[in-house]
Amino acid sequence: MLDKFEDECGVFGIYGHPEAANLTYLGLYALQHRGQESCGIVASDGTALRAYRKMGLVSDAFKNNAVFEQLPGKNAIGHVRYSTAGGNDIKNCQPIMVDYVRGSIAVAHNGNLVNAQELRNELERLGSIFSTIADTEVIIHLLARAQSDSLADRVIDALKRVRGAYSLVFLTETRMVAVRDPNGFRPLILGIVDGAYVVASETCALDLIEAEFVRELDPGEMIVVDKDGLHSYHPFDVVKPSPCIFEYVYFARPDSTIFGREVYGVRKESGRQLAREYPVEADVVVAIPDSGVPAAIGYAEESGIPFELGLIRNHYVGRTFIEPQQSIRHFGVKIKLNPVRGVIEGKRVVVVDDSVVRGTTARKIIKMIRNAGAKEVHLRISSPPTSHPCYYGIDTPTRTELIASSHSIEEINRYVTSDTLGYLSQEGLHKATGGCDGGSCEGQFCTACFSGDYPVKFPRLKSDKQLGLF
Ligand code: AMP
């Protein structure tokens, strides 16, 4: 058992387009940042479902045109997945597809269920045999056992038993169903292209295929798309929505609009707010690319300190590289990033990143910047200290590995070797989302990774380890 949740994912679906599989592939291409370990597409031609799933990046998995001949039909769903230890196996790739007594069904899931293990134990006692370690398979088993007549009702029956985070897209021979959990943890967007409905984790996937943005699914909304069009339902008990604030901080692409705001604008405003909260006398603002760039621009604008590209990223770094025999110190970070000496030498440098997880990146980069001749290095983080693991679909290490769970800001400052360190406050981050005009900002988002305040409760293990799912 892992002592943490392990999935980060992106989902896509399209109904009623002659190039369904091809557009799904492009949608996944745009969502690649949400998961790089495996990807897959399931397509329907109205009578049967066909799947193609592979480990690796979308560009590698679908490099052969012939793949699309294996995925005929006007309807398709797709998935990109990132998983850590234990889950990086082809059999856990999504969409999951099964045949059962009522036909075939496939599902793509972004999120994590907090009662999956409980349900899995119960289903196994009743005779279910699981073939993956994904919590998504629990939903399939519940759906297969549901007794209601219509697909919509069976999906509702199944989902009424699960708790946690889910943005789901299902495909049967003749229907596509998309659902967002009642808390609305993960985004799910509705669009339309050439009269065909599209759903995707983020709007950047709509942009690439030139689909028009229609709206976001509401928290707790389910849509069913079939030959008669789109039908919307709100079948679950209403709870206070808690979309994930970390989508704004790090996870979503800056060119996407989610939860009603463009991500880029929120990140830039976080940087501005950070400059108000933690000003410093300095000569240059530098971002840790790519995640720190919008906030660094905001910090520079607000502080009046010029923004420069002080660290250059090599965009062609793969997952592994062969190191020279004579070992090079900090090779991993050096192969990815290199400082521009002319920007840094002799300067007081403000370094901006979106978050600190274990502290490794910041420590290595500060060392690199000092080696390039910086006089002072001031680290500014455009989110509050990440002190608690995510149980709703963002990959974070265990609590003990999160540096902010056991170290004060002063201790972190010493560890990463910055001259000063400033984290954006929770209030400041809320302000940057623009979502708390005049009133309290509390409770508008899930901020569990910063506050430990988990909106959907989960069982705790006896040890101090966090709950393990699979
Ligand atoms: P660390 O070196 O462990 O402190 O990680 C910090 C870096 O990881 C920052 O540059 C963040 O942009 C990035 N980061 C934050 N959250 C995640 C995540 N869930 N998955 C991958 N990278 C992340």
Side-chain angles (χ1 to χ4, degrees), residues 6-15 17 19-44 49-73 75-98 105-112 131-137 139-140 166-171 176 178 186-189 198-209 211 251-253 256 315 317-320 393-395:
E6 72 265 21
D7 281 333
E8 289 184 338
C9 304
V11 296
F12 184 91
I14 184 163
Y15 188 93
H17 198 287
E19 287 193 278
N22 208 317
L23 295 186
T24 302
Y25 150 80
L26 293 174
L28 296 183
Y29 221 111
L31 297 172
Q32 185 78 81
H33 61 290
R34 296 184 74 88
Q36 299 90 45
E37 214 152 80
S38 68
C39 56
I41 295 178
V42 171
S44 159
L49 298 187
R50 291 180 186 83
Y52 185 84
R53 289 170 293 225
K54 271 214 124 160
M55 300 304 293
L57 298 175
V58 177
S59 54
D60 294 330
F62 291 88
K63 57 182 168 217
N64 187 342
N65 263 349
V67 169
F68 296 108
E69 285 159 27
Q70 298 171 36
L71 295 168
N75 317 322
I77 63 172
H79 190 264
V80 286
R81 176 168 192 256
Y82 171 80
S83 77
T84 56
N88 55 349
D89 189 313
I90 184 79
K91 70 176 191 294
N92 296 311
C93 294
Q94 293 197 23
I96 295 178
M97 184 175 86
V98 295
I105 191 159
V107 61
H109 176 199
N110 173 211
N112 272 121
S131 59
T132 77
I133 60 160
D135 46 357
T136 315
E137 200 182 350
I139 297 172
I140 289 282
Y166 51 87
S167 282
L168 292 161
V169 191
F170 296 89
L171 187 68
M176 178 171 81
R186 301 280 143 234
L188 196 56
I189 314 289
V198 182
V199 285
S201 292
E202 293 182 34
T203 57
C204 63
L206 302 186
D207 297 339
L208 180 58
I209 63 167
F251 199 36
R253 245 171 68 161
S256 285
H315 284 271
V317 178
R319 293 210 141 198
T320 53
I394 299 272
D395 179 56

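For this chain, numbers begin at 1 and follow the sequence in order. Just so we're clear, the structure is a prediction, and the values are computed from it rather than from any experiment.
Across all their heavy atoms, P95 and R53 have their closest contact at O-NH1, 2.6 Å. When every heavy atom of G78 is checked against every heavy atom of L28, the shortest pair comes out as C-CD2, 3.6 Å. Shortest non-hydrogen contact noted between K91 and T132 is O-CG2, 3.2 Å. Contact between L206 and A200 at its shortest, heavy atoms only, is CD2-CB, 4.4 Å. Among all heavy-atom pairs drawn from C39 and V80, the shortest one is CB-CG1, 4.0 Å. When every heavy atom of I77 is checked against every heavy atom of T24, the shortest pair comes out as C-CG2, 3.7 Å.
In this structure, C9 and H79 have side chains that are in contact, with non-hydrogen atoms separated by less than 4.5 Å. Side-chain contact check for N92 versus R81: some heavy-atom pair is nearer than 4.5 Å. In this structure the side chain of M97 never reaches within 4.5 angstrom of the side chain of I105, judged on heavy atoms. A heavy-atom distance below 4.5 Å is found between the side chains of F12 and V198. Here the side chains of N75 and M176 are not in contact, with every heavy-atom distance at 4.5 Å or above. Inter-residue side-chain proximity for F170 and I139 is flagged as met; some heavy-atom pair is nearer than 4.5 Å.
The CG atom of L23 sits 4.5 Å away from the CD1 atom of I14 when rounded to the nearest 0.5 Å. How far CD of Q70 is from CG of N64: 8.5 Å, rounded to the nearest 0.5 Å. Annotation: the span from Q32 atom CD to L57 atom CG amounts to 4.5 Å, rounded to 0.5 Å.
Comment: E202 engages R34 in a salt bridge, judged by a side-chain N to carboxylate O separation of less than 4.0 angstrom.
Side-chain rings of F62 and Y52 approach one another, their centers coming within less than 6.0 Å. For F68 and Y25, the ring centers sit closer than 6.0 Å to each other.
At least one donor-acceptor pair under 3.5 Å links the side chain of S201 to the backbone N or O of V11. Side chain of R186 to backbone of H109: no donor-acceptor contact under 3.5 angstrom is found. When atom types are taken as modelled, the side chain of E137 and the backbone of I140 share no donor-acceptor pair closer than 3.5 angstrom. Here the side chain of S256 pairs a donor or acceptor atom with the backbone of C204 at under 3.5 angstrom. Remark: side-chain polar atoms of N110 are not paired, donor with acceptor, to backbone N or O of S167 under 3.5 angstrom. Judged by distance alone, with hydrogens and angles left aside, the side-chain atoms of Q36 form no donor-acceptor pair with the main-chain N or O of Y82 at under 3.5 Å.
For the pairing with V107, the side chain to side chain contact (heavy atoms under 4.5 Å, CB included) check across I96, V42, V169 returns one residue only, I96.
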